[in-house]
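Structure record follows, encoded as structure tokens.
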Amino acid sequence: MIRRKKERNKRQNTVNAYDGHLRKHILPFAGSRPAASLRRCDSTAFVDRLLNTRTLRSRRSVVQVFKTWRILMHYMMDEDVPLPMNIVSRIELPEIDRDYEVALTPEQVAAAAVAMRQIEPRYEAAVWLAACAGLRRGEVLGLKWEHIDWTGSLLSLREQRQRGQVAPLKTRSRQRAKRGSGSLLVLMPRRVTEPAIMNGRDS
């Protein structure tokens with residue numbers, strides 16, 4: 001399954017997530033079972049096991065791992081493994097709280113920037129980049145000096161950083177130039193000796 005995902009040019013982050021789910025949860029649960037012996041009740045038992053796994057911090061994580069299980073079952077059916085057609089259908093999953101957005105006022109953004117300045121000056125620029133240019137955390141951490149057009153006041157998004165590693169942007173639509181105001185770029189803590197703007201161990 002992982003090999004097919006790679007051959008289909010799936011995003012590396014997505015493939016890595018599938019691989020981690022397989023190794024940490026799916027193989028310990030059903031790795032010794034003949035694939036053809038799996039039944040719908042095993043899907044339910046798998047969800048119960050995930051709900052009692054301490055390393056899964058949220059119900060959202062449980063759902064994500066189950067999605068990988070479902071993809072695996074579909075893959076095996078595509079490979080003509082004789083599995084029940086309903087092996088992953090109508091499996092009851094935990095309810096997930098809906099995400100909601102909180103819009104900060106300009107005064108709240110400014111207060112957050114001042115607070116970050118007290119902790120680490122480069123973090124102040126991170127706040128302004130997120131608030132004024134709409135950058136995500138990983139995109140801020142992946143921004144390099146060479147990605148800035150100082151004359152045209154443009155930020156070119158090319159990559160992000162996740163868990164300290166360079167990674168592609170989540171969607172191709174993010175790979176575009178974003179206009180930043182001149183006053184925003186003035187706040188950038190210019191360190192020409194370091195390629196990454198938010199250079200540091202947490203990057």
Side-chain angles (χ1 to χ4, degrees), residues 1-101 134-144 147 156-178 196 201-203:
M1 185 188 87
I2 297 298
R3 182 173 63 250
R4 176 177 292 180
K5 295 296 181 184
K6 290 180 178 179
E7 291 171 351
R8 298 296 191 275
N9 252 353
K10 295 297 182 181
R11 298 180 62 80
Q12 189 60 48
N13 289 346
T14 302
V15 174
N16 290 344
Y18 291 153
D19 187 63
H21 295 165
L22 285 167
R23 295 178 185 277
K24 296 177 183 178
H25 304 289
I26 296 176
L27 289 178
F29 172 73
S32 61
R33 293 271 302 277
S37 72
L38 294 172
R39 295 294 181 265
R40 187 173 181 277
C41 61
D42 294 308
S43 293
T44 301
F46 183 55
V47 173
D48 292 339
R49 176 188 173 100
L50 295 177
L51 288 171
N52 290 300
T53 300
R54 293 183 178 180
T55 55
L56 292 176
R57 299 180 180 178
S58 68
R59 291 174 292 180
R60 187 180 301 275
S61 298
V62 171
V63 172
Q64 291 299 322
V65 176
F66 179 79
K67 286 181 178 179
T68 302
W69 169 270
R70 184 167 56 200
I71 290 170
L72 176 62
M73 296 301 110
H74 289 163
Y75 167 78
M76 290 194 292
M77 285 190 281
D78 289 343
E79 295 296 314
D80 294 328
V81 176
L83 293 172
M85 292 299 296
N86 67 341
I87 188 168
V88 289
S89 65
R90 296 180 289 106
I91 302 299
E92 186 175 4
L93 297 175
E95 293 289 337
I96 299 176
D97 295 332
R98 296 182 62 181
D99 293 333
Y100 61 93
E101 297 181 357
L135 269 62
R136 298 168 175 166
R137 179 177 59 182
E139 294 167 347
V140 171
L141 295 177
L143 197 62
K144 297 180 180 178
H147 300 164
S156 179
L157 300 185
R158 304 178 190 176
E159 60 191 31
Q160 63 176 330
R161 292 185 72 87
Q162 292 185 340
R163 299 188 178 95
Q165 302 296 322
V166 175
L169 298 172
K170 288 189 174 182
T171 60
R172 293 180 181 177
S173 63
R174 301 293 294 179
Q175 295 178 342
R176 62 179 186 271
K178 286 183 173 287
R201 64 181 183 179
D202 51 344
S203 298

**OP:** Can you establish whether the number of heavy atoms outside Arg4 located under 6.0 Å from its atom CZ is more than 12?
**Re:**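 Above 12, so yes.
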Subject >> Heavy atoms from other residues, nucleotides or ligands near CD of Glu95 exceed 12 (cutoff 6.0 Å) >> reply: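 12 or below, so no.
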Could you tell me if the side chain of [Y] sits less than 4.5 Å from the side chain of [X], heavy atoms only?
| X | Y | value |
| --- | --- | --- |
| Leu38 | Arg33 | yes |
| Met1 | Thr68 | yes |
| Val65 | Phe46 | yes |

Side-chain ([X]) to main-chain ([Y]) donor-acceptor, under 3.5 angstrom:
| X | Y | value |
| --- | --- | --- |
| Arg59 | Ile96 | no |
| Ser43 | Ile87 | yes |
| Arg158 | Lys144 | no |

Subject >> Arg54: partners by salt bridge (charged side-chain N to carboxylate O under 4.0 Å, His left out), with sequence neighbours left out >> reply: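 Salt bridge (charged side-chain N to carboxylate O under 4.0 Å, His left out) list for Arg54, sorted by chain: empty.
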**OP:** Kindly write out the residues that satisfy side chain to side chain donor-acceptor pair (under 3.5 Å) with Arg39, not counting sequence neighbours, or none if the list is empty.
**Re:**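 For Arg39 there are no side chain to side chain donor-acceptor pair (under 3.5 Å) partners, ignoring immediate neighbours.
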**OP:** Please identify each residue that fulfils side chain to side chain donor-acceptor pair (under 3.5 Å) with Asn16, with sequence neighbours left out.
**Re:**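 Partners of Asn16 by the side chain to side chain donor-acceptor pair (under 3.5 Å) criterion, ordered by chain and then number, come out as Gln12.
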Original post:
How far apart are the closest heavy atoms of Ala35 and Leu83, and which atoms are they?
Top reply: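 Looking at all heavy atoms of both residues, the shortest contact is O-CD2, 3.1 Å.
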Original post:
So Val15 and Ile2, side-chain contact (heavy atoms from CB on, under 4.5 Å) or not? Walk me through it.
Top reply: CA-CA 7 Å; Val15 174; Ile2 297 298; 3.8 Å; yes
Original post:
For the atom pair NE2 (His21) and CG (Leu50), what is the distance rounded to the nearest 0.5 Å?
Top reply: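 Those atoms lie 9.5 Å apart.
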